[in-house]
Amino acid sequence: MSQHVQAGATVASLQQQARLDAVDNRILVCHALGLNRVGLITQSERTLTEDEAVRLSELIERRLRGEPVAYLIGQREFYGLAFEVSEAVLIPRPETELLVELALERLPPRGRVLDMGTGSGAIAVALAHSRPDAAVSALDVSPAALAVAQRNAAANQAAVRFLHSSWYAALEDSERFELIVSNPPYIASGDRHLSEGDLRFEPVGALTDHADGLSALRTLIAGAPRHLLGQGWLLMEHGYDQAAAVRALLAAAGYLEVQSWQDLAGIERVTGGRLP
């Protein structure tokens with residue numbers, strides 16, 4: 001690997017000669033040198049050691065190859081909280097904050113909520129952090145993802161019960177929740193987006209159902225009535241073009257008040273319904 005950054009370079013020069021997007025570059029410089037944004041200014045004349053130059057060069061090279069910044073620094077912010085992320089989990093996206101907000105609006109005092117396919121734990125931890133009175137449960141089929149989620153709950157002092165489960169399989173028959181939420185795999189097999197951008201580096205099983213993109217959503221819709229209390233809500237994130245199909249699935253399964261909600265980009269991103 002050719003080294004892009006030379007020992008002796010100043011912090012200021014790193015920002016003037018960047019080969020990356022300015023925001024990406026700033027994040028990687030801060031990470032490699034252990035600086036915050038104020039430090040970039042106050043230590044602008046600081047020169048890099050050989051080790052720092054090698055470390056930063058490697059991060060820049062990996063980013064130029066397309067690796068997500070969140071994986072390079074091992075962290076992503078979501079709902080105002082810091083989350084550890086690794087190749088074992090999806091990187092939390094800003095549009096998923098809509099699902100958290102909709103859930104909080106529908107979660108009664110001391111309510112019980114289940115997050116299906118929790119990944120990094122972003123949704124469950126955000127809910128538990130916002131509502132310490134709630135009983136939050138979260139499950140995932142990936143032990144590696146659950147390990148990340150448990151560390152994120154502890155780091156953010158959020159009380160979440162974690163279960164290793166393929167969808168509803170590990171739940172007791174008697175378990176009931178006021179609310180079930182999920183951001184399941186919803187990209188159809190063979191979709192070109194899977195070979196573009198950050199998605200190339202993310203866990204494929206968390207992105208696609210290896211089918212038509214709706215199979216996990218069908219599983220959620222079919223299984224929820226056994227685990228929702230009367231009038232309980234099921235809320236699901238889905239793809240940019242799937243809202244009508246998900247509404248039809250919910251309506252056919254007898255859910256009431258079926259509707260979709262738009263994210264900040266105006267895309268119908270979450271669809272849900274409630275039990276009779």
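One is the number of the first residue; the rest follow in order along the sequence.
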Does Ala103 have any side-chain contact (heavy atoms from CB on, under 4.5 Å) partners at least two apart in sequence or in another chain, and if so, which? Leu127, Leu179, Val181, Leu235

Please examine the side chains of Arg269 and Trp261, heavy atoms only from C-beta on, and report whether any two atoms are closer than 4.5 Å. no

Does any part of the side chain of Gln262, heavy atoms only, come nearer than 4.5 Å to the side chain of Val270, both counted from C-beta? no

Residue pairs involving residues 26-41 (criterion side-chain hydrogen bond (donor to acceptor under 3.5 Å, both in side chains); sequence neighbours excluded): none

Is there a side-chain contact between Pro185 and Leu207 in this structure, where contact means two heavy atoms from C-beta onward sitting under 4.5 Å apart? no

What heavy-atom pair brings Ala32 and Leu59 nearest, and what distance separates the two atoms? CB-CD1, 3.9 Å

Determine the interplanar angle of the Phe78 and Phe83 rings, folded into 0 to 90°, and report it as parallel if under 30°, tilted if 30 to 60°, perpendicular if over 60°. perpendicular

Salt bridge (charged side-chain N to carboxylate O under 4.0 Å, His left out) for Arg200 and Glu196? Distances and angles first, verdict last. CA-CA 6 Å; Arg200 291 171 296 161; Glu196 294 176 357; over 6 Å; no

Contact list for residues 171-200, test ring pair (Phe, Tyr, Trp, His ring centres under 6.0 Å), sequence neighbours left out: none

With no hydrogens and no angle check, just 3.5 Å: does a side-chain donor-acceptor pair link Arg247 and Ser260? yes

Under a 4.5 Å cut-off applied to non-hydrogen side-chain atoms, are Ile221 and Leu234 in contact? yes

Ignoring hydrogens and geometry beyond distance, is a side-chain donor-acceptor pair present between Thr96 and Glu237 at under 3.5 Å? yes

